[in-house]
Amino acid sequence: MAGHHAVRDLSTTVLGMPTAMPVLISPTGVQAVHPDAEVAVARAAAGHNVIMGLSSFASRTVEEVVAANPNTAFQLYWSGDRDTIVQRMERARTAGCKALILTLDWSFSHGRDWGSPTIPDRIGLRTMLRMAPDVLPHPRWLWRFVRAGRLPDLTTPNMRQPGGGVPTFFGAYGEWMQTPPPSWADIGWLAKEWGGPFLLKGVGRVDDARRAVDAGVTALSVSNHGGNNLDTTPATIRLLPPIAEAVGDQIEVLLDGGIRRGGDVAKALALGAHAVLIGRAHLWGLAANGQAGVANVLDIMRGGLDSAVLGLGHASAGELGPDDLVIPDGFTRTAGAAAR
């Protein structure tokens, strides 16, 4: 340990916002696994000086979440017409969101070989009776909702259109499914309309990364939506290095997918990521123990990353590089043309 640094700097800036470590909360929809849902996540993230990503499919409003964590990035799906998209974007701007995320890595998946969890459209008596065998073995989880005096909320208030009601998750999902996918011109239009930090989530090809730069985005995330759309896709960390090499000197390159501990964060940074996003990990913490559970997950992430930086003899997370890893031959995968 001679010569190692007693204090390490894990902080950075992502999407124009300072963060205590290069780990962001990934926007995930309908976090109604706890009565406080996304607000609990936002509070935990704020307590750790971490950026909150809020899904447009969230179960709590953007106004509530920004009040809990001012460093919030609002995520959109390309859903509805341009006027509808602008209305949702302007609501996020008015609420105080500091960045915009457009998700493109969720495809029109109708079924999966490995199955999907049952998500009811609403919680009614029939649904409660049907799901009772799964819920009753978890009395502490159930008691949280009883004490809060509310049922899990499966609506999506940020998808509400002016003068309309709050859609359910599947109502919002239906609108999205009926909307044709955006063109690169559409992405350029949205980036210009927003006029600030803009993250394109869901890039896995070098040529698409270059198109994203040309469209005017300020950041992209190498992502396959947790691998839950197209089976047998490469892990995002294998796709990361060629994309970071191609565009990392022009925009911020992030990664999400498979991040479960601080050592995973260190590997992503060493392979070219500016930061990572976590989805499943913080949801597990939320379901287990609300805000405290999410805080525990962030503590685990920070502790593991700090240990890696210390053990590798660096003073900051930004010093991590490929020389810190043993990379197997053939590990990296390049999708899309490597050259223009």
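Sequential numbering from 1 along the given sequence is applied to the chain's residues.
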Donor-acceptor contact below 3.5 Å, side chain [X] vs main chain [Y]:
X: Ser59; Y: Leu154; answer: no
X: Arg88; Y: Ser79; answer: yes
X: Trp194; Y: Pro197; answer: yes
X: Asp264; Y: Arg261; answer: yes
X: Gln250; Y: Val247; answer: no
X: His314; Y: Leu310; answer: no
X: Arg60; Y: Asp36; answer: yes

Mind running side chain to side chain contact (heavy atoms under 4.5 Å, CB included) on Thr84 and Met159 for me, showing each step along the way?
-> CA-CA 9 Å; Thr84 299; Met159 293 292 284; over 6 Å; no

Is there a donor-acceptor contact under 3.5 Å linking the side chains of [X] and [Y]?
X: Thr236; Y: Asn224; value: no
X: Asp186; Y: Ser183; value: yes
X: Ser221; Y: Asp256; value: yes

So Thr13 and Met17, side chain to side chain contact (heavy atoms under 4.5 Å, CB included) or not? Walk me through it.
-> CA-CA 5 Å; Thr13 299; Met17 292 177 275; 5.6 Å; no

Residue pair [X] / [Y], side-chain heavy-atom distance below 4.5 Å:
X: Leu269; Y: Leu305; value: yes
X: Leu298; Y: Ile278; value: yes
X: Val326; Y: Phe331; value: no
X: Thr103; Y: Gln75; value: yes
X: Ile25; Y: Leu277; value: no
X: His282; Y: Met52; value: no
X: Phe74; Y: Ile101; value: no
X: Ile251; Y: Thr218; value: no

Do you know the tightest heavy-atom contact between [X] and [Y]?
X: Ala42; Y: Ala68; answer: CB-CB, 3.8 Å
X: Ala46; Y: Asn69; answer: N-ND2, 3.3 Å
X: Ala215; Y: Ala191; answer: O-CB, 4.0 Å
X: Lys201; Y: Ser26; answer: CE-OG, 3.7 Å
X: Ala212; Y: Leu220; answer: CB-CD2, 4.4 Å
X: Phe198; Y: Leu102; answer: CZ-CB, 3.9 Å

Same cluster or not: are [X] and [Y] linked, directly or through other Ile, Leu, Val, Met, Phe, Trp or Tyr residues, by side-chain heavy atoms under 4.5 angstrom apart?
X: Val203; Y: Leu255; value: yes
X: Leu320; Y: Ile259; value: yes
X: Val50; Y: Leu54; value: yes
X: Val62; Y: Leu199; value: no
X: Leu24; Y: Ile243; value: no

Interatomic spacing from [atom1] in [X] to [atom2] in [Y] - rounded to 0.5 Å:
X: His34; Y: Gln291; atom1: NE2; atom2: CD; value: 9.0 Å
X: His5; Y: Ser316; atom1: NE2; atom2: OG; value: 8.5 Å
X: Arg93; Y: Arg91; atom1: CZ; atom2: CZ; value: 15.0 Å
X: Lys98; Y: Thr72; atom1: NZ; atom2: OG1; value: 8.5 Å
X: Asn158; Y: Glu63; atom1: CG; atom2: CD; value: 7.0 Å
X: Ile327; Y: Leu271; atom1: CD1; atom2: CG; value: 5.0 Å

Neighbour count >12 (heavy atoms, 6.0 Å) for atom CZ, Arg8 |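 Enclosed.
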
Mind running side chain to side chain contact (heavy atoms under 4.5 Å, CB included) on Thr332 and Leu240 for me, showing each step along the way?
-> CA-CA 8 Å; Thr332 299; Leu240 169 65; over 6 Å; no

Identify whether the distance between the nearest side-chain nitrogen and carboxylate oxygen of [X] and [Y] falls below 4.0 Å.
X: Arg302; Y: Asp299; answer: no
X: Asp214; Y: Arg210; answer: no
X: Arg82; Y: Glu193; answer: no

Which class fits the ring pair Phe57 and Tyr77: parallel under 30°, tilted 30 to 60°, perpendicular over 60°?
->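 Tilted, since the angle between the ring planes falls between 30° and 60°.
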
Should Glu38 and Glu64 be marked as a side chain to side chain contact (heavy atoms under 4.5 Å, CB included) after you check the CA-CA gap, both sets of side-chain angles, and the distance that decides it?
-> CA-CA 9 Å; Glu38 290 86 359; Glu64 292 176 287; over 6 Å; no

